Amino acid sequence: MNILVTGGAGYIGSHTCIALLEAGHSVIIADNLCNSKSETVMKIMDIADKEVTFCEIDVTDAEAVDIIFRNYKVDGVIHFAGLKAVGESVDKPLDYYYNNIVSTLVLAKACQEYGVNRFVFSSSATVYGDDKVPFVETMDLLPTTNPYGETKAMSERILTDITNANPDFSVSLLRYFNPVGAHWSGLIGETPNGIPNNLMPYVTQVAKGKLKSLRVFGNDYLTVDGTGVRDYIHVVDLANGHVAALENLTEGVHIYNLGTGKGTSVLELVKAFEEANDIEVPYEIVDRRPGDIASCYADASKAKRELGWEANLDIISMCRDAWRFEKNYTDFVESK
Ligand code: NAD
Ligand code: UD1
């Protein structure tokens, strides 16, 4: 199939492009590079040893999107393009609502106009709020506490309503847990701007000596060791989940958790990182981070049952691959 991958130069999108190419699909990337670089597109082609079509466009621009649908045969869309920093979304709600909602509307409209019936959407476990773990797809969604989370819940709703009104349309809403790690080649991975908010990129930068020590946000949660528990999933497993969702898509709306189903605490992740890479990660315990929940992990059985997909890579692989990319990337940037 010819797949339009919006946000395909980004962290999860780039790994998914490789998985799609390896599965025999063709890829058209639409990305405005607001949080990525065009070099990543070259690296995707190097790794997969295949060509991709790259369109540097903003997917909120209906005319630019129309040109793609008019000029290329699109069989399906995977919509990654979006702004994703929770804290920033509180400061810049307009940017987040505009970018993340308008892009979904523009793409859904183009699909309707050109008779493209396969649509896979990047949602997030954040839509579950702080209900009881494990999170199951059938749970009612709680109101999220930030504009970013709202854009995910709203996009899910928009795509569901469109599908209900157009029975030929097929939509897969993928709720990711915590994507970490990098491609084994060390060529592509996560490159956060400034000081990272998320745990794994913070840990890799501490290990590299770019940051002094990890601040562990709270050790008084009701968890195995008091620190926050999350469901970390290797980005390569996550990428393969998209191929499975796309290839198994049938009419209607289908919601899948993409996680491992296994919770790992902050201190367990630090220990795994130290073991995997034989490197020390200094840390200190500080106050809880406002807005954090104690535990978040998936019931991932539906994706296994219906898509035949499950995560295979363990926390050691995630730590090893994240570190390999951090070392390569820093050396590459410093050599420039
Ligand atoms: P990313 O920032 O690395 O990738 C997003 C890509 O979209 C970037 O290349 C960016 O340049 C592009 N983009 C943004 N707005 C655009 C627009 N209007 N037009 C064209 N391109 C645009 O982020 P990621 O981590 O790869 O996340 C991909 C998707 O998955 C996002 O929708 C994100 O909200 C969702 N998600 C991510 C996580 C995570 O932890 N990384 C968790 C849950 C959900
Ligand atoms: C964050 C986002 C969430 C997104 C998810 C996936 C927030 C509030 N939520 O969630 O919307 O879907 O990433 O990437 O940003 N931690 C530390 N020290 C640090 C960083 C994190 O102790 O420097 C702890 C946190 O308290 C948490 C765990 O590590 O217990 C994971 O944190 P993080 O990587 O930021 O992910 P989430 O909080 O799950």
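Just so you know, these numbers come straight off a predicted model, no measurement behind them. We count ligands from 1, going down the list as the structure has it; atoms in each ligand are counted the same way. Just so you know, residue 1 is the first one in the sequence shown, and it goes up from there.
Between Glu310 and Lys304 there is a salt bridge, since a side-chain N of the basic residue sits under 4.0 Å from a carboxylate O of the acidic one. The pair Lys210-Glu326 counts as a salt bridge, with a side-chain nitrogen and a carboxylate oxygen less than 4.0 angstrom apart. Arg70 has a carboxylate O that lies under 4.0 Å from a charged side-chain N of Asp66, or vice versa, which qualifies the two as a salt bridge.
Among protein heavy atoms, the minimum distance from atom 18 (N) of ligand 2 is reached at Arg215 O, 2.7 Å. Distance from atom 13 (O) of ligand 2 to its nearest protein heavy atom, with residue and atom name: Asn198 ND2, 3.1 Å.
Heavy-atom distances between Asp58 and ligand 1 reach below 4.0 Å in at least one pair. Not a single heavy atom of Ser103 lies less than 4.0 angstrom from ligand 1. Between Ser124 and ligand 2 there is a heavy-atom distance shorter than 4.0 Å. Using a 4.0 angstrom heavy-atom cutoff, Tyr232 counts as in contact with ligand 2. Look at Lys152 and you'll find a heavy atom under 4.0 Å from some atom of ligand 1.
Hydrophobic clustering, defined by side-chain heavy atoms of Ile, Leu, Val, Met, Phe, Trp and Tyr closer than 4.5 Å, groups Leu83 together with Val86, Tyr96, Tyr148.
Side chain of Asp231 to backbone of Gly259: no donor-acceptor contact under 3.5 angstrom is found. Within the 3.5 Å criterion, the main-chain N or O of Arg288 finds no donor-acceptor partner in the side chain of Asp292.
Checking only distances, Phe217 does come within under 3.5 Å of ligand 2, N or O to N or O. Distances between N or O atoms of Leu199 and those of ligand 2 include at least one value under 3.5 Å. Note: no N/O pair closer than 3.5 Å links Tyr202 and ligand 2 by distance alone.
His15 and Tyr11 have perpendicular rings, their planes meeting at more than 60° on a 0 to 90° scale where under 30° would count as parallel.
Around atom 44 (C) of ligand 1, the closest heavy atom drawn from Ser14, Ala64, Ser123 belongs to Ser123.
The atoms of ligand 2 that sit less than 4.0 Å from any heavy atom of Asp292 are 25 (C), 26 (O), 38 (O). Shown in contact with Val216 at under 4.0 Å from a heavy atom are these atoms of ligand 2, numbered in order with element: 22 (O). Remark: ligand 2 atoms within the under-4.0 Å shell around heavy atoms of Gly228 are 30 (O). Ligand 1 places these atoms under 4.0 Å from at least one heavy atom of Ser122: 29 (C), 30 (O), 32 (O), 35 (C). Below 4.0 Å from some heavy atom of Ile57 lie the following atoms of ligand 1, by number and element: 19 (N), 20 (C). Distances below 4.0 Å separate heavy atoms of Asn178 from the following atoms of ligand 2: 6 (C), 36 (O), 37 (P), 39 (O).
Counting heavy atoms under 4.0 Å from ligand 2, residue Val86 touches it through the side chain alone. Looking at Asn197 against ligand 2, only its backbone comes within 4.0 Å, counting heavy atoms.
Residue pairs meeting the salt bridge (Lys or Arg N to Asp or Glu O under 4.0 Å) criterion with at least one partner in residues 264-278, sequence neighbours excluded, are Lys271-Glu275.
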